[in-house]
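This report refers to the structure that appears directly beneath it.
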There are 2 protein chains.
Amino acid sequence: MAPDRNRRRIPDATVSRLPVYLRILGEQSAEGVESISSERLAELGGVNAAKVRKDLSYLGSYGTRGVGYEVDYLVYQIRRELGLTHDWPVVIVGAGNLGQALAGYGGFGERGFPVAGIVDVDESKVGTVLGGVRVRHIDELPQIVQTKRVNIGVVATPGSAAQEAADLLVKAGVTSILNFAPIVLSVPRAIEVRKVDLAVELQILSYHEQRRAGGSIHAVPGGTSRSATA
Amino acid sequence: MAPDRNRRRIPDATVSRLPVYLRILGEQSAEGVESISSERLAELGGVNAAKVRKDLSYLGSYGTRGVGYEVDYLVYQIRRELGLTHDWPVVIVGAGNLGQALAGYGGFGERGFPVAGIVDVDESKVGTVLGGVRVRHIDELPQIVQTKRVNIGVVATPGSAAQEAADLLVKAGVTSILNFAPIVLSVPRAIEVRKVDLAVELQILSYHEQRRAGGSIHAVPGGTSRSATA
DNA sequence: AGGCACTCGTGCACACGTTCACAAAGCCAG
DNA sequence: CTGGCTTTGTGAACGTGTGCACGAGTGCCT
């Protein structure tokens, strides 16, 4: 069954661009810009103007023909659609290198995703404070999730521990997972998972570099300093 | 006419999955598995078996009907296609929270992307050692790129400094950039850029959570223009 | 009031990606 | 050597995403 009757469905590709528009609109708003055209927004977002209009049209007809979009109103509508009208506390599993960086990165809380807790299996890490949050033992995960009403879990463990971490998150009641570990997590269908894998990104860049080299080992004579603004 | 006659072109979607297959195949090889079917590989990779076969078919016909794929041979072919037959040194710009985590994350070098250098504008950070690499001043960037033959740069600065960092990387001769800053970089067309944005990922999860809630939760004050962003 | 310049919203065609379904090809048993 | 079983490789159908082109509103100027 596929009862997508809930509401109008927004295409995945559009959903992934809305945060970009949102950030740009926020910056424009801070600079005092009150109205913006799809053309300008497209330029700032590095995309096609028609795509911007189509994307925004999924939210409803919030533009004014001949004028553009009212920045603040559009910010409000996008935030509403993305569910950013309230905070979404997150819990981080794994207080290693990455977990520490994530907890210390202030941008999390600023953008509506406060770190409700960070846990680790390693007793020696428990008690230390990262970014204002004390590391707790992983046994306390269910309690954190329940008391802080956490829906989103972040897996920042080594690959070998990631599946177990995900299992514990799911068992604790988390329904979305952001996975930094380089493995494919196996979770119930209802759980939404997104993966961020640095190695994959680098390997994709490697492919293009290799392709650029055209098979010969390398090329790229340094010195071609072309700086053009799109 | 075919614009890219260089070699058979591999679809982007396939390129982004090859690293996943590669990791799985490496693990299987380590476990002594000599042959694998598309079905099994699909299961481990969380994708469709037909997709696996089509993806691999872009590399050539390296499977044996009725049997499957020889793991080690496939590993070799994928590595070759991704340009992973030799190391790609990377340089990291920004020794803040994220830069430190990246430098400290050993997995970089292990996977063929040794950190050739890490630079920062902040004099107070210069000289400190992260993950075995000494932080150097950003003025030394061109020298690092040239002497170490670096093609890939990593932008790990705050958003406000990211464009400048990218400009410097391009000027130094880098041709691929992995961008962790939450802005859209403006670079010459020839430069390959990939973006990793944690906030975007979280906001996409937020969308699905909000959608899951069915909109029953929110009841935001219906003021005209409210909810300003910080 | 009327005309004009501007920009949104969207139908349509095309490109890209995914999945199915099946012939072709290899292996093995007897 | 033949027949049956397995699994690949790929043509074709389908679905999703992109970008053009243009009608439809809107506001400004005369």
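Proteins come first, then strands; the chains are lettered A, B, ... in the order of their sequence lines, and each starts at number 1.
Nucleic acid contact for B:Ala13: sugar-phosphate only, since backbone atoms but no base atoms lie under 4.0 Å from a heavy atom of the residue.
Side-chain atoms of B:Lys54 and base atoms of D:dT10 include no donor and acceptor less than 3.5 Å apart.
The distance between atom CG of A:Leu56 and atom P of C:dC8, rounded to the nearest whole Å, is 9 Å. One can place CD of B:Glu70 at 12 Å from P of C:dC27, the figure rounded to the nearest angstrom. The OH atom of A:Tyr73 sits 15 Å away from the C1' atom of C:dC8 (whole-angstrom rounding). Atoms CZ (B:Arg53) and P (C:dC20) sit 10 Å apart, rounded to a whole Å. In this structure, B:Lys51 atom NZ and C:dC16 atom C1' are separated by 13 Å, rounded to whole Å. At whole-Å resolution of the value, CD in A:Glu39 and P in D:dC20 are 11 Å apart. Following rounding to the nearest Å, B:Ile10 (CD1) and C:dG17 (P) show an atom-to-atom distance of 12 Å. Taking atom CZ on B:Arg40 and atom P on D:dT6, their separation rounds to 18 Å, with Å as the unit.
In the set C:dG9, C:dC8, C:dA21, the nucleotide with an atom closest to the side chain of A:Ser38 is C:dC8. For A:Val67, taking side-chain heavy atoms from C-beta onward, the closest of the listed nucleotides D:dG27, D:dA21, C:dG17 is D:dG27. Here the side chain of B:Thr64 is nearest to one of C:dG26, C:dT10, D:dG27, namely C:dG26. Of the candidate nucleotides C:dG17, D:dT10, D:dG19, C:dG17 has the atom lying nearest to any side-chain atom of B:Asp12. In this structure, the nucleotide among D:dT10, D:dG23, C:dA25 sitting nearest to the side chain of B:Arg65 is C:dA25.
Looking at heavy atoms from C-beta onward, B:Leu44 lies out of side-chain contact with A:Val184 at the 4.5 angstrom threshold.
Using modelled atom types and a 3.5 Å distance limit, the side chains of A:Tyr76 and A:Arg80 yield no donor-acceptor pair. Side chain to side chain, A:Gln77 and A:Tyr73 meet the donor-acceptor criterion of an N or O pair below 3.5 Å.
What you find for A:Val150 and A:Pro89 is that their closest heavy atoms are CG1-O, 3.5 Å. Across B:Ser29 and B:Val71, no two heavy atoms sit closer than the pair CB-CG1, 3.8 Å.
At D:dG17, none of the side-chain N or O atoms of A:Asn48 fall inside 4.0 Å of OP1 or OP2 (strictly under the cut-off). Phosphate contact (OP1/OP2 of D:dT18, side-chain N/O of A:Arg17, threshold under 4.0 Å): present. OP1 and OP2 of C:dG17 both lie 4.0 Å or more from every side-chain N or O belonging to B:Tyr58. One finds no side-chain N or O of B:Tyr62 lying less than 4.0 angstrom from the OP1 or OP2 phosphate oxygen of D:dT7.
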